[in-house]
Amino acid sequence: PGIEASQRTYNILGNGKSYVTIQNLNLQKPNTYGILLAGGAASDIIVDGCTVSHAYNHGISSAGSAETQSVTIQNCTVNWSGGCGINVDTPSHHWTIQDNIVHNNSQIYIAGDGNFLYTGGIKGWTDADQNVKGIIIQRNKVYSQGKLPDGTRVNTEVAASGIWMDSFAHTNYTDGVLITRNEVYDNMRVGIFLESGSYSTVTYNLVYNNNAAGAGSWGIRASDSYALNPANYNMIYNNVVYGNGYGGISVAGSRGSEANRCIGNEVKNNIVMGNGSGNYAYQLYVEYGGENDGTMGSGNIYLNNAFGPASIRFIQWGHLIFKATYAAWYAAYSAANGNT
């Protein structure tokens, strides 16, 4: 009976305050953000045990004007946001995001509006200044981004990835992102996406059934994706990746054929099975330097992975170059021989 009308722009606005704990609150239905840590530089903030739901934009977020550092978000449920569930924006850094349940965000589609097209469960965004650094994302359950209450997809243009780190041009693993021991499933596009980023570590994650129709439904993807920064020196270790709609693990440089855009990535000790279907059952998909062509990329290592039974196109080794047997792949990449 009647119409609900939100009364507040934010549930909580940080307003540049440091040494604040936000704990055990149920925050709902603001006109923009549930918790916005903005309004001035701040540090040492804890968000613990909160439920943040039905924010029009992001559930919990920093903003791009002031540095918010040393933030811990833990034991929270963040859901039904129009944009991202949890969003770390430049120039914020040293956030720990742990033990949260993040589901059914990416709920709004507005044509041409990047605030709602490029969203996901947990997202980080920076640019060439490298100032979003020291991010740890661990032990979270991240699922069903981009799905409406009836289970249908919000819109095919909404990215709706699970964990998405965008344009992190780091130069060492200390500053890079650590994504570990998360369960990431049923998101409409990529489970874990390292887009145009370097020196990230993705390890001990369970990534499955990210399975929307189309070419975007990867389990784990590290890719230049036309953007400013290369996809170099990322480590993808000890993950289980299965049932994703298009493919398991993908490593790729720039489609524009620029040199040295995909160097030194390591994919080791992963179990990657049952991804894709039919003629598109890619378990490993590398191109534009990911296959060590010597121009776009080199020094990428793929060892001790379990890719399951060989099948048509189960490995793509170079752009539109497919391998249907282990022997054919070993002939192209001798380092894997006997170690897969």
Side-chain angles (χ1 to χ4, degrees), residues 37-38 57-58 61-69 71 83-95 97 105-106 112-137 142 145 157-179 184 187 189-202 216 218 220-236 249-265 287-290 296-297 300:
L37 302 177
N57 204 307
H58 305 322
S61 183
S62 60
S65 58
E67 179 181 282
T68 305
Q69 62 174 308
V71 174
C84 298
I86 299 172
N87 179 64
V88 188
D89 204 342
T90 184
S92 298
H93 59 87
H94 289 95
W95 285 39
I97 301 169
N105 299 286
S106 302
D113 189 337
N115 291 317
F116 296 101
L117 297 181
Y118 309 123
T119 62
I122 300 173
K123 186 178 180 185
W125 156 253
T126 185
D127 47 35
D129 60 13
Q130 306 174 25
N131 52 19
V132 176
K133 58 188 177 182
I135 307 299
I136 298 172
I137 302 170
V142 183
Q145 319 311 321
E157 293 187 41
V158 176
S161 293
I163 298 174
W164 183 3
M165 299 292 106
D166 191 351
S167 301
F168 282 27
H170 298 123
T171 58
N172 60 75
Y173 292 109
T174 300
D175 289 344
V177 180
L178 173 61
I179 301 171
V184 185
N187 300 286
R189 198 163 288 182
V190 184
I192 298 176
F193 191 10
L194 307 177
E195 181 176 10
S196 303
S198 298
Y199 290 95
S200 292
T201 300
V202 178
W218 296 101
I220 299 173
R221 182 165 173 80
S223 172
D224 181 351
S225 296
Y226 304 98
L228 177 66
N229 304 314
N232 292 341
Y233 302 105
N234 297 295
M235 296 194 296
I236 302 173
I249 294 178
S250 174
V251 177
S254 171
R255 294 175 184 269
S257 301
E258 292 90 344
N260 301 320
R261 306 288 287 189
C262 190
I263 295 175
N265 299 287
E287 60 180 355
Y288 300 118
M296 289 179 280
N300 300 291

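- In this pair, Y199 and Y173 present their aromatic rings perpendicular. The plane angle is above 60°, beyond the 30 to 60° band.
- Applying the ring-ring contact (aromatic ring centres under 6.0 Å, His included) criterion to Y118, with sequence neighbours excluded, gives no partner residue.
- The shortest heavy-atom contact between I122 and M165 is O-CE, 3.9 Å.
- Across every non-hydrogen atom of F168 and T126, the tightest pair is CD1-CG2, 3.2 Å.
- We find the CD1-OG distance between I192 and S200 to be 11.0 Å, quoted to the nearest 0.5 Å.
- When each of V142, V190, L194 is checked for a side chain to side chain contact (heavy atoms under 4.5 Å, CB included) with I163, only V142 meets the rule.
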Step-by-step side-chain hydrogen bond (donor to acceptor under 3.5 Å, both in side chains) determination, N229 to S196: CA-CA 5 Å; N229 304 314; S196 303; over 6 Å; no
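- We find the CG-NE2 distance between D175 and H94 to be 6.5 Å, quoted to the nearest 0.5 Å.
- Between D224 and M296 the shortest side-chain heavy-atom distance does not fall below 4.5 Å.
- For the pair R189 and S161, the tightest heavy-atom approach, listed with the atom from each and the gap, is CB-OG, 3.8 Å.
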Side chain to side chain contact (heavy atoms under 4.5 Å, CB included) evaluation trace for N265 with I236: CA-CA 8 Å; N265 299 287; I236 302 173; over 6 Å; no
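- In terms of modelled atom types and a separation under 3.5 Å, the side chain of N232 and the main chain of I263 share a donor-acceptor contact.
- Here I179 contributes atom CD1 and I220 contributes atom CD1; the two are 9.0 Å apart, rounded to the nearest 0.5 Å.
- Taking CG of L117 as the reference point, atom CD of E157 lies at 6.0 Å (rounded to 0.5 Å).
- Taking both residues in full, the closest heavy atoms of R221 and A252 are given as NH2-CB, 4.5 Å, listed atom of the first, atom of the second, then distance.
- One finds the CD1 atom of I86 at 12.0 Å from the NE2 atom of H58 (value rounded to the nearest 0.5 Å).
- Under a 3.5 Å cut-off, the side chain of N187 and the backbone N or O of Q145 do form a donor-acceptor pair.
- Rounding to the nearest 0.5 Å places CG of N105 at 8.0 Å from OG1 of T119.
- Proximity of a side-chain donor or acceptor of N234 to a complementary backbone N or O of G197 within less than 3.5 Å is detected.
- Not one N or O on the side chain of S62 forms a donor-acceptor pair closer than 3.5 Å with the backbone of V88.
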Would you sort out whether S167 and W125 count as a side chain to side chain contact (heavy atoms under 4.5 Å, CB included), showing the intermediate values? CA-CA 6 Å; S167 301; W125 156 253; 3.6 Å; yes
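- Residues A66 and S92 share a closest heavy-atom pair of O-OG, 3.9 Å.
- A donor-acceptor pair shorter than 3.5 Å can be found between the side chains of S61 and N87.
- A pairwise comparison of heavy atoms in T68 and W95 identifies O-NE1, 3.0 Å as the closest pair.
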